[in-house]
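Presented below is the structure to which this report refers.
Letters A, B, ... are given to chains in the order of the sequence lines, protein chains preceding strands, and every chain is numbered from 1. If you're wondering where the values come from, they're calculated on a predicted model, not measured in any experiment. Just the heavy atoms: all of them, side chains too, but no hydrogens, waters or symmetry mates, feed the values below.
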Amino acid sequence: MGRRVLRILALTLCLAAGSAAAQSGPVKIGLLLPYTGPLSIQGIDATKGFELYLNKIGMKAGGREIQILKEDAESKPDVGLTKIKKLIERDRVDFVVGPVSSVVAIAIRNYVHEQGVPLIVPVAFTRTLTAPPLASPSIFRVIETTDQANYPMGAWMIKNTKYRKVILMATDFVAGRDTVLAFAAGFKAAGGEIVKEIYAPLGAPDFAPYLAQAGDTKADAVFAFFAGADAIRFVRQYKDYGLFEKLPLTGYNVLTDDTILPALGSAALGIVTIGGWTAALDTPDSKAFVADYERVHKAWPTRYSESGYISAQLITIALDSLKGDLADRNKVRDALKSALPKVKAPRGPVEFDAYRQMISPVYVTRAEKRGERVVNAVVERIPPVSQEQVWGWWKK
Amino acid sequence: MTFWAIQTLNGLSFGMLLFLLAAGLSLIYGVMRILNLAHGSFYVLGTYVALSVVRATDSFALAMVAGTLAVILLGVLMERVLLRFLPPEELPQALLTFGVLLIVGDLCLWYWGGTPETLPKPAVFEHSVRMGSLVFPSYRLFLLAVGVLVAVLLWALQERTRLGAMVRAAIDDPAIARSTGINVSLLSSGVFAFGAALAAIGGIIGGPVLGVYPGADFEILLLAFVVVIVGGLGSLKGAFFGALLVGLLDNFGKALFPSLAYFTIFAPMAIILAVRPTGLFGSR
């Protein structure tokens, strides 16, 4: 009996020694992002922004080396869950950054909550992830929720345009529906009317059947959510079918992401969107970030690059304040929480609310030609709105 | 009114793309009795090669030639090196061609990456055609025209030329065809390469509309199968009308009952199979 206790004791000591050794090794950060499939553009750009900042500070923070491990979440919930288990249980990462897909975010939420490994969410913006009951002390989101950008857009549209009857068009998944419905709530509250809702599957090869439905409806404008490769096909075909002259196109910023603007070219001109950031934003922090990024990647950053960049700053500022000591999870969480106001975010001043959801300004933009380049020019800056101010339409 | 006109044109132009894919699949099955699952690979490989060429040279015509040639090469290699030595049984053939499908898919992912791509349209087709209140992209009319042209050419080739007669003979009875002096082996290679080329052409001219992405090979293969099953395996006429039917069903299904997208294709397929197990124009 005594020998058995001894053995267990010895084993425990070994384990303790192991974890102490891990403390002095590199800090491991797992990136759980899509590198293939319809949302791969977002995953790749978030990674580029993330690595840009880490390379800038020499891949070191809090006196420790930083090691990055990438896993392809493919925008599929089952794959995302398998990959995050691999990152946490086999690679023993200290932080996870991801995902892009809101469906994946919901799928891994319980696991993250139970494991307690901090998850920094750079893109997945579904409203429920940071609202009770899903909000978790281990989940930190550094992008605006679907509500924070799109609800105010409804009121903005009533105030600044003549559009009163609007058609909603979106990808048929949680982020798409959340986005257009948040806009619809804000729009209706301000006196507008939604005349039709059209949803197409993620990765729909051809938008023609959906566009013909919109063209057949009497309305003033379309408000749309399509992202990545879908957005390229959607916007091009929208113009090809001559819908733009009849129904001006507006939407969430994903529709005219800076990364797909070169592919869209003149097809993007005139599209009005709302979102957290644009590469054309004329502030010193933003301009410095764009210049750095362009020098390294020979292309403009997107809002995903920007939130990847914020994620990297958030983690390294927390590491510095902890002096690299990640033994106490509660201290790590507190450090992350208080790190955000110190982040130099290209979008402007940012902070977390009580649910670790970022509060930041959002921008209404219009795609315009500047020289040879099509950019999302800022039309109006909308001051910071917290998720609690705009979730009343669905949260009882 | 415009809704129905546009949807019909959409369905027809999509149907023409499906025809190009299904015609090759059907032809290969007709002559060689091989259900070629790697047909989806021909589609994506041709489109990816064309994408690289169009980016390097800005010429859609050149991209078309290069993409098609690359796929013909793959087709000939497959036929000469792999399929020739297989016993004429369905299971080994299915496994082998499926293996090729997976390998080509992964090689494309490795080389061209996972981001979905769209081929740029030839500049001539950038504008849309206007007829009254009807606005329709000229490129889709071009698709329609190419499909009809290929169908007429194929029909003429098969029905009006000596080569076509040889192919028909090989389809009907390979043993007798061989005994009359037709080189069925060479003919098989030719037909396999030709079928592969049709798939590549379909992928490339469909590239500006449908794009190419990891997994496109499976999706396209599935649709091409539905077309040949509906139309009848081995029949050119079947591939043509099957493609039109599936193209129209797919478009109207998505427009009228968006939540039933796949059902509107597969339910009619099941009904046709129940009534005519050989498909609309299949002989056996």
(request) Dump the intermediate steps for side chain to side chain contact (heavy atoms under 4.5 Å, CB included) on A/D206 and B/K254, then the final yes or no. (result) CA-CA 10 Å; A/D206 190 2; B/K254 278 178 183 158; 5.7 Å; no
(request) Return the minimal non-hydrogen interatomic distance between A/Y241 and B/S128, and the atom names on each side. (result) N-OG, 4.5 Å
(request) Go through the atoms of A/Y35 and report whether side chain, backbone, both or neither lie under 4.5 Å from a heavy atom of chain B. (result) backbone
(message) For a quick test of reading the model, state the closest non-hydrogen atom pair linking B/A255 to A/P209 and the distance between them.
(response) CB-O, 3.8 Å
(message) In the structure I gave you, are the side-chain heavy atoms of B/K121 and A/D240 within less than 4.5 Å of one another anywhere?
(response) yes
(message) Please classify the contact of A/Q237 with chain B as side chain, backbone, both or neither, using a heavy-atom distance under 4.5 Å.
(response) side chain
(message) Other residues, nucleotides and ligands only: do more than 12 of their heavy atoms fall within 6.0 Å of NZ on A/K86?
(response) yes
(message) Using heavy-atom distances under 4.5 Å, tell me whether A/I198 contacts chain B through its side chain, its backbone, both, or neither.
(response) neither
(request) Would you mind checking which part of B/L109 comes under 4.5 Å of any heavy atom in chain A, side chain (CB onward), backbone (N, CA, C, O), both or neither? (result) side chain
(request) Measure the spacing between CG of B/L210 and CZ of A/R233 and express it to the nearest 0.5 Å. (result) 8.0 Å
(request) Examine whether an atom of A/E245 lies under 4.5 Å from a heavy atom of chain B, and if so say whether it belongs to the side chain, the backbone or both; otherwise answer neither. (result) side chain
(message) Can you tell me which portion of B/N251 sits under 4.5 Å from chain A's heavy atoms? Options are side chain, backbone, both or neither.
(response) both
(message) For a quick test of reading the model, state the closest non-hydrogen atom pair linking B/N10 to A/A208 and the distance between them.
(response) ND2-CB, 3.2 Å
(message) If we define contacts as heavy-atom pairs under 4.5 Å, which of B/F136, B/Y139, B/Y213, B/F14 has the most with chain A?
(response) B/F136
